Amino acid sequence: MHPPEPESLDGNNDTGNGQTPQQLRLPRTKDVYVNGVVVKVKYCDTCMLYRPPRCSHCSICNNCVERFDHHCPWVGQCIGLRNYRFFYMFVFSTTLLCLYVFGFCWVYIIKIRDAEGSSIWRAMLKTPASMVLIIYCFICVWFVGGLSVFHFYLMSTNQTTFWRSSALLSPLPRTISELGSQ
Ligand SMILES: [Zn+2]
Ligand SMILES: [Zn+2]
């Protein structure tokens with residue numbers, strides 16, 4: 001968070017490092033009205049635009065992302081306005097798949113137990129692949145299930161991961177006027 005830079009009038013047009021001279025720079029922030037609330041939007045020097053509310057510049061992708069949620073290292077790009085629903089469907093369907101595989105591995109083991117009339121441990125030893133899948137799904141479901149629940153909560157409360165985490169880090173309570181570019 002930087003305060004707006006003053007419109008410098010020192011007569012030195014060339015900053016010497018290829019940047020836009022101070023006099024030619026646009027004001028750092030601009031007040032816009034969103035649903036009757038004043039929101040401060042910041043200017044992005046890299047993308048050369050005023051960031052709309054909830055837009056943020058991703059340093060990894062090096063561009064501004066509208067309704068920025070987070071930069072996902074697993075899919076290698078930002079999660080924002082245009083791919084959030086696909087991201088959520090991916091995470092949610094992966095959770096369902098984990099639960100499905102976990103559940104039906106147990107069904108298979110119980111079927112073996114019933115067919116052979118042996119103990120559950122013997123049935124488990126009969127199908128090591130099911131045991132591997134049960135352990136694998138049990139570990140994975142905490143990650144994808146946790147993400148599904150967390151993003152369901154964010155969607156129901158109209159928040160983004162980025163805004164939520166900056167709200168948690170901020171010592172002051174966040175207000176609607178702070179929904180501007182961050
Ligand atoms: Zn930008
Ligand atoms: Zn990114």
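Counting starts at 1 for both ligands and their atoms, in listed order. All values derive from a computational prediction rather than experimental measurement.
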Next on the checklist: For a distance under 2.8 Å, give residue and atom name for each protein N, O or S atom next to the Zn ion (ligand 1).
Outcome noted: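 Listed by chain and number, the nearby protein N, O or S atoms are C44 SG, C47 SG, H57 ND1, C64 SG.
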Check the surroundings of atom [atom1] in [X]: do more than 12 heavy atoms from other residues, nucleotides or ligands lie under 6.0 Å from it?
X: Y108; atom1: OH; value: no
X: F150; atom1: CZ; value: yes
X: F90; atom1: CZ; value: no

Checklist entry - Hey, which of C58, S56, C55 is the one that makes side-chain contact (heavy atoms from CB on, under 4.5 Å) with C64? => result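 The side-chain contact (heavy atoms from CB on, under 4.5 Å) with C64 is passed solely by C55 among C58, S56, C55.
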Checklist entry - Hey, is D69 close enough to R54 for a salt bridge, meaning N to O under 4.0 Å? => result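 Looking at D69 and R54, the cut-off is not met.
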Contacts table for residues 71-85: side-chain donor-acceptor under 3.5 angstrom, sequence neighbours left out:
unit_1 : atom_1 : unit_2 : atom_2 : d
N83    : OD1    : G80    : N      : 2.8
N83    : ND2    : C78    : O      : 2.8
Y84    : OH     : H151   : ND1    : 2.7

Checklist entry - Taking the Zn ion (ligand 2) as the vertex, how big is the angle to ND1 in H71 and SG in C78, rounded to 10°? => result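 Roughly 120°, rounded to 10°.
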